[in-house]
Structure formats: structure tokens, C-alpha cells
Amino acid sequence: MTKEFTIGETVRVIALPPYIKTAEPMPMLRPPDTIRLREEGIVTDRRPGGYWVVRFDRGTFLLDSQYIESITSEAESPPASHVEPSSPADADRSDD
């Protein structure tokens with residue numbers, strides 16, 4: 001199953017592929033240690049076959065969706081249970 005990401009989404013490397021392919025007009029293969037495990041990058045494009053163009057500090061590469069996971073949703077929104085109700089003391093003040 002192919003994971004879906006949105007353009008501009010921050011992703012994290014969860015496994016290293018056997019090689020890394022650059023996302024240049026003339027792609028080149030790079031060794032897998034060009035990026036690090038748990039390195040974060042930004043999705044900039046989608047390619048056929050479940051490949052994503054991800055921009056990292058050391059360049060922009062094509063990665064299969066099985067090697068990355070989304071981290072944007074974890075960091076952006078707090079859980080709904082975190083919303084604090086107004087305290088009864090605040091209600092008492094409005095009656096004054």
C-alpha cells in the first residue's frame with residue numbers, strides 16, 4: 001500500500017533504501033548514507049510509482065513511500081482532549 005503525502009509536508013526517513021536517486025533532470029544514484037535515518041525533509045513533488053521528491057539539507061532525492069513517514073500532523077495540532085474548559089471561577093466573575 002502506498003502512503004499519501006501532501007506537497008509541503010514534513011516527512012522523516014524511517015528506513016534507508018539500498019541506494020538514493022537524485023531528483024535532478026539527469027538523475028544519479030548515490031549511496032544510502034547520503035541521508036541519515038530519522039532525517040527530516042519536505043515533500044516537493046510526487047512521481048509515478050509511489051515515489052516522492054523530498055528536499056533534505058544535502059539535496060533533493062526520490063524516495064519510495066515505504067521509506068518515509070509524515071511528521072507534520074504530529075507536531076501541528078494538539079489532541080482534542082487538550083482543550084481546557086473555562087473554570088467555574090471565571091463564570092462567577094461574570095455575575096459581578
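We use all heavy atoms of the structure for the numbers below, so side chains are in, but hydrogens, waters and symmetry mates are not.
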Spacing of CG belonging to D33 relative to CZ belonging to R36, to within rounding of 0.5 Å | 11.0 Å
Side chain proximity check, P17 to D64, heavy atoms < 4.5 angstrom = no
From I68, V11, T10, residue fulfilling side-chain contact (heavy atoms from CB on, under 4.5 Å) relative to E40 = T10
Would you call E4 and R46 a side-chain contact if the rule is heavy atoms closer than 4.5 Å?
-> yes
Would you mind reporting whether P31 and Y19 have side-chain heavy atoms less than 4.5 Å apart?
-> no
Report the distance from atom CZ of R55 to atom OG1 of T60, rounding to the nearest 0.5 Å.
-> 6.5 Å
Minimum-distance pair of heavy atoms, taken over all atoms of L16 and P32 = CD2-O, 3.8 Å
With side chains defined as the heavy atoms from C-beta onward, is the minimum distance between F61 and T34 less than 4.5 Å?
-> yes
W52 with L37, same ILVMFWY side-chain cluster at under 4.5 Å | yes
Ring pair (Phe, Tyr, Trp, His ring centres under 6.0 Å) partners of Y67, counting only residues at least two apart | none
T22 side chain near R30 side chain, heavy-atom distance below 4.5 Å = yes
Would you sort out whether L62 and V53 count as a side chain to side chain contact (heavy atoms under 4.5 Å, CB included), showing the intermediate values?
-> CA-CA 5 Å; L62 291 171; V53 179; 3.5 Å; yes
Which atom names give the shortest non-hydrogen contact between K3 and Q66, and what distance separates them?
-> NZ-O, 4.3 Å
Given the rule that I, L, V, M, F, W and Y join up when any side-chain heavy atoms are under 4.5 Å apart, are F5 and L63 in one cluster?
-> yes
Validation row: I35, R58 side chains within 4.5 angstrom (heavy atoms) | no
Is the closest side-chain heavy-atom distance between I20 and F56 below 4.5 Å?
-> no
